[in-house]
Every structure is written in C-alpha cells, then in structure tokens.
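Worksheet: the structure to be examined is printed underneath.
Letters A, B, ... are given to chains in the order of the sequence lines, protein chains preceding strands, and every chain is numbered from 1.
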Amino acid sequence: MEAVAFLFYYITPYIAVAVFFGGIGYRLYRWWRRPPVTAHLSLYPRPRGRAGRLLDALVDLFTLRGLLRVNKPLWIGGFIMHMGLLFILIGHIRAFTDFYFLWDLLQWGKEQQHQFSAVAGTIAGVLFTVPLFYLLGRRWSGPVKWLSTPEDHFLLFLLIAIALTGFHMRLLTQVEIEELHTFFRGLATFRWQPAPVTTGTAFIYHFAFVQILMLYFPFSKLMHTIGGVFSKMVARS
Amino acid sequence: MGVLTQLVQNLRQRISRPLRYYYDICARCGACIDACHFYSYSRDPAHIPAYRVMLAKRLTEGGNGSNGLARWYRDLGMIDGRTVEELEKAMWECTGCRRCAVFCPFDLDTALMISAGRYTLLQEGVGPEMIAEIGNAEVSKGEIIDMIKDFYLEQVKSLEARLQEEFASDLQIPVEKEGARVLYVPLVGEHAIVPAAKIFYAAGEDWTMSLFTATNHSFFVGDMAKAKQAARWIVEEAKRLGVKVIAYPECGHASRLLLSFFDGWFGEEIADIERVNILQLVAGYLQEGKIRVRPGTFDVPLTYHDPCNLGRNGGMFEEPRLLIQSVATDFRELTPNRELNWCCGGGGGLVAAPEMKEVRMKAGRKKVEQIQRTGAKWVVTACENCKAQLRDLNEHYELGVEIKGVIDLVADALIL
C-alpha cells in the first residue's frame, strides 16, 4: 500500500501531466490532419466576423443559452454542473498558491479565509455534484439510454468519485493549505516534499482519481472543451 | 464482408476536419433527441442525430461509437447486418434540415456527416438511386446544352407570348442576353419563371434567364464533385454573359449551394459576382421602391413555413416576412418558427424518391400539427421541395390548405 501511495504521490503525476498535454496535442493534430471543409457551414443566426463568431461561441458555451431555449431540464443540469466545476477549478488555485492579493484587499485573516473557502467550496461542490447524479439518472432512463456508452458512465462515476473525496477533505478534515503548497511545489521543482497529512487518506484517492481523469481526458469526449469552440466557430461561418 | 470493408474505407476518406472532431466531442447529451422530426414519430434510436453520429463512428473507428476506453471491447460494436440496416435508416431517413445542429450545444452539423454517409452508401447501391440519377442528368445537361437549346428557346418564346397577352404587352423573357445585370436561374417548369418575369418587368430589371436549372440533386446524395460540376455550368454562363448578379429561385438546397458553397468551389472566379436568392432581390426592390404592391391584396389567414435551407441555413428570416406582410392582412406565425422551425419532412432530396413517400408523410406530422394550430388557409413558403412535400401532406392529411410561393404572392399584388 505504501508503494502504491508513493507511486501516486510522486511518479504518476508527471505521467498524467505529460499525457494530458501530449494527448491534447495529439488530438488536435489528428483533427488538423484532416482536410477542412471549403463551404461555409452557415448556421444562422450568424455573427459577423471572426471576432464576433469567437465571442458568440464563448458566450454560448459559457451560458449554454441555446440549450436553455430547447431543453430546460438539461440546461439546468448541464449549466449548473459546469458552473460548479468552474468555481471548483478557481478554488483549487489555492492548492498551488493563494489569492494573496484578494485577502490583502479584503483585509481578511486566516480564520476568515478558511470560513470563506469552506462555504464557497461546499456550495460549488454541491452545485457540481448534484447535477452529476441527475445526468447519471438520465443515462438510465428514456431515449438517452440509447446514447449511453461505457465512456459516459465511466466519466460520470469518475467525476462523482472525485467530488466525494473532495467533500471528504472539505467537510471531515481541517486542511492546512501550506502543506499542500509545499507538496505541489516540491513536485513541480522535482524536490519532493512529504505528502500532506492534515488531509487524511482522502487526499491520495482524490489525487489519484484526478490523475486518471487527466490521463483519460484527451481520449474522451471531454475534448469538447476545446473542440466545442472550433465546432461553433465553423458552424456559424 | 468485402462490401462492408470497401464501404468503411470510402467513408474514412470522406472524414473532413469538422467530422473528425464531431466524432470526438459529441457528448451524447441528448439535446438533439427532441430536434428530429423523424424521431418524433418513430421513437427509433437510428433517428436520433447523436446516434447517427455514433453509427458512422462505429463503422469507421470500430468499437461502440464512443471514445477510447470502450473501444477495448471491440465485440460491443461488431458490424453486422443490423448495423447496415440501421445505417441505411440513419443516413437516408434524414432531410438534412440541421434543426439538430441548432439544438446541439456545439452546433454539430449532422448534415455534413449524412452527406458523407449517403455518398458512401450509394456507391454500394444502398439508398434511393433515383436522386443520384437526376443529379447525373443535371451534370450532363451542360454537355448537351447545344442540342436542347433551340427547343428550350422555343418554349420560352411561347411562354413570353402568352404573358404579353395576359400581363403586359412589352414583357420580355430574355435568354442568354449578354451584359444583363441579373442572371436568373429558374427551375424546371413555368411556375418558377412566370412570377419572376412579372416582378423583373415591374422593377425594370435588366435580366436574363439561364439555360440551366438551379436544382442540384448530386448535393443531396453527397456527391460533391458532381454537385460542383453541375454548378459550374451556371458559373460559366454567368461569366460568359458578364452579369453582375446571380439570382436563384425559390429553391432551398440550390440557394444554400449558391450562398455557402460557391465561395469555396469557385473562389476568385466569381468574387465579383453578387449571389442572391430571389427573395433577397425582391425584398430589395420593395425597399428601394422599384416595385410597388397593393397592401392587403390577400385577406385570407396565411402562414409562412421557413424552409430549412433559406432559414436556419441561409439566414433569410425577415425578407419573406416583409414581402408577405406587405401584401397580406392576416399573417400568422408557425410555432416554433425561424431557426427552430420544424422541417416539412421532404428535404434532402426525399421528395424525388418515390420509395420515401410513406416515411415523408410520417415525418411531416409535426408540420401538419403546426399548420393546424395556426388555422391558416394558405401556407406560403419559398422552396420547391417544401412546396411539393406540403402539397403531399395537404392531400394525405386532408388539411384543406393551399400552398403558395412568396413571389407568387408578390407577383399577383404588383402595381404596374
């Protein structure tokens, strides 16, 4: 068990990061290698100019406003889940560095920072996790079950596992973020530091699941984060 | 299995860049399920747009149509007779209306894939070959045009004589007139010529008619090389005559080609020739005061059906409404309309394939419900395909409505 934990703490993170970026590059290359279409795919209403299209695509993707018009339940599920994820990702910056500027500005002490993180993090976590169960339920009922593949289930379960281990650390332990800073900086500079202890065992599970997600990301439908922008740009050209 | 291998190889060659990433990014979220008029009556998974993508992907990539992981279980996605059956349904029972693209959070253009899939299937003889045959005829027309030209000109002359008698004594239908401003490319049959000729006459337009027709059935079966060749005859004619504008008639797919494909096909060659649909041209006449119409000429309740290729695929939402409202008193919108309008069920060339009639009638149910909800007596539209399908629906479901073209209305309300 020690050896496995060691592996996930100090060895596989490098592989995960390499595969994540390398894999995305490989995917983009595979897309780029195919001949582009010469026609305008001309889906209307169509914004003017390249900048207009990019702006439109980003607004669409961040608000999912198209989905809001045609499928409200899915919009609620999809939009809230993605927003929760966005807040969580922003919050996780604190695992690597801190919002020193923000804290100075608000003149918040350590206790206030902790309280804010606890509340905001929990809310973001709930926003992220509850819709995941809804999306999972959808996959088992109605016509969506015909569209559901092991990939869809695997990703949902993986995200739920990541969320639950995250909740464990948020709610059941008192994490010292300096410990995390030390650990991650150690990883980044190849001067390994001891693994965090205030996080309990949940951390290694959380960390391992995230690495699995990073390994799988470039080869999964999660590439829609990048491809979605391309697709929308081309469709409205 | 040999046939299937060939099919897979052909399909692989047609995977363009967008298709490549469509395969990878479709999240199978199911937003498109409610978009498809075929699925709305059949509840058949092969009609779900995302499932169609999965089928195509399963064929070219193996596995079960999803990404990475599940492809280890190759036997999940074994290609068998049932797959081909589903594939035939998925590729041919589609009107390429792209309503699903509007529903899709990533705007995945399913029609792009249908186009590739159809081409591949037809090479193996799977699908209505009739559509391809008409396409071939349109391609060869350019080669034999000199042989049929005299007969055509004779026909036009007699039509012109009739219109001079009925409408205006100095009306002309010029063909192959050099230096004319507008080249109007009609459809087969006088119904696409008469109203246009009247409007051009009223607007004092310097126009000429093409020897060719706008329709391009090769596009329906995804044979882009032939589609381009059929379009080339028209481009060459336009260059030869030195026209400034190419105007296409009330025909959806041809207008889409003109407005969205010609740039990529002919580029510089036609960069200085403006390309419009007749709706845009006539709406322009009205706004510039070149033609005048009697407001309130028609007081029947009427509605407008947005043809897919003019509406969500061509951006002509307001022109037809402007024209209709300038001559009619009781205009009623279909719900939903504009880019969310239901397809009539006859697009994608299906109207030209007799064996698709039954499917078409079922796929038109949504349209029928929409029309009935408005209580309109006339259904106005601007696409030949839609008109044919709406007439069939009218008969099949005994709607008791009349199907009209937008420019028919304008031509009948002209003040000379």
Next item on the list: Specify the closest pair of heavy atoms between B:P105 and A:L61, including all atoms of both residues, with the distance to one decimal.
Entry: O-CD2, 3.9 Å

Next item on the list: Select, from B:A50, B:G315, B:P45, the one with the greatest count of heavy-atom pairs under 4.5 Å involving chain A.
Entry: B:P45

Margin query: How long is the straight-line distance from OH of B:Y23 back to CZ of A:R34, given to the nearest 0.5 Å?
Written below: 10.0 Å

Checklist line | Over 12 non-hydrogen atoms of neighbours within 6.0 angstrom of CZ in A:F62 | finding: no

Item checked: Engaged part of A:L74 at the chain B interface, taking heavy atoms whose separation is under 4.5 Å -> side chain

Note to self: Rounded at 0.5 Å granularity, tell me how far CZ in B:R312 sits from CZ in A:R46.
What the structure shows: 16.0 Å

Checklist line | Top contributor to chain B interface from A:L28, A:N71, A:T38 [non-hydrogen pairs under 4.5 Å] | finding: A:T38

Check: Between A:V144 and chain B, which part of the residue has a heavy atom less than 4.5 Å away: side chain, backbone, both or neither?
Finding: both

Checklist line | Side-chain touch B:L340/A:V70, heavy atoms, less than 4.5 angstrom | finding: yes

Next item on the list: Kindly compute the distance separating CZ (A:R236) from CG (B:D109), expressed to the nearest 0.5 Å.
Entry: 11.0 Å

Next item on the list: Would you confirm whether A:R138, through its side chain, and B:C29, through its main-chain N or O, come within 3.5 Å as a donor-acceptor pair?
Entry: yes

Note to self: Looking at every non-hydrogen atom in both residues, tell me the closest pair between B:R256 and A:H40 and how far apart they are.
What the structure shows: NH2-O, 4.0 Å

Next item on the list: Measure distances from B:I48 to the heavy atoms of chain A and classify the residue's part below 4.5 Å as side chain, backbone, both or neither.
Entry: side chain

Item checked: Distance (rounded to the nearest 0.5 Å) between B:L310 CG and A:Y44 OH -> 11.0 Å

Next item on the list: Determine the sole option in A:W31, A:Y29, A:W32 for which the ring pair (Phe, Tyr, Trp, His ring centres under 6.0 Å) test with B:Y21 is passed.
Entry: A:W31

Checklist line | B:R28 side chain near A:R139 side chain, heavy-atom distance below 4.5 Å | finding: yes

Item checked: chain B contacts, top residue of A:G78, A:A57, A:G227 (heavy-atom pairs, under 4.5 Å) -> A:G227

Check: Tell me, side chain or backbone of A:L41 under 4.5 Å from chain B's heavy atoms, or both, or neither?
Finding: both

Next item on the list: Give a yes or no on this: more than 12 heavy atoms of other residues, nucleotides or ligands lie within 6.0 Å of atom CZ of A:R50.
Entry: no

Note to self: Rounded to the nearest 0.5 Å, what separates atom OG1 in A:T149 from atom CZ in B:R58?
What the structure shows: 11.5 Å

Check: Where is the tightest heavy-atom contact between B:R17 and A:P36, given as atom of each residue plus distance?
Finding: NH2-CD, 3.5 Å

Check: Checking B:L257 against chain A: side chain, backbone, both or neither under 4.5 Å from a heavy atom?
Finding: neither

Margin query: If you compare all heavy atoms of B:A27 against all heavy atoms of A:H224, which two are closest, and at what distance to 0.1 Å?
Written below: CB-ND1, 4.2 Å

Check: Looking at B:Y22, B:F261, B:F103, B:Y51, which has the largest count of heavy-atom pairs under 4.5 Å with chain A?
Finding: B:F103

Item checked: Nearest heavy atoms of B:I15 and A:P35, plus distance in Å -> O-CD, 4.1 Å

Notebook entry, point to check: Donor-acceptor pair, A:S42 side chain versus B:N313 backbone, under 3.5 Å?
Noted result: yes

Item checked: Gap between atom CZ of B:R43 and atom CH2 of A:W146 - 0.5 Å precision -> 8.5 Å

Checklist line | For the student: nearest non-hydrogen atoms of B:A31 and A:L67, plus distance | finding: CB-CD1, 3.4 Å

Check: Is it the backbone or the side chain of B:Y39 that comes under 4.5 Å from a heavy atom of chain A, or both, or neither?
Finding: side chain

Notebook entry, point to check: Would you say the side chain of B:I33 lies within less than 4.5 Å of the side chain of A:L147, judging by non-hydrogen atoms?
Noted result: yes

Next item on the list: Examine whether an atom of A:L135 lies under 4.5 Å from a heavy atom of chain B, and if so say whether it belongs to the side chain, the backbone or both; otherwise answer neither.
Entry: neither

Margin query: Tell me whether A:S231 contacts the main-chain N or O of B:F106 through its side chain, where contact means a donor paired with an acceptor under 3.5 Å.
Written below: yes

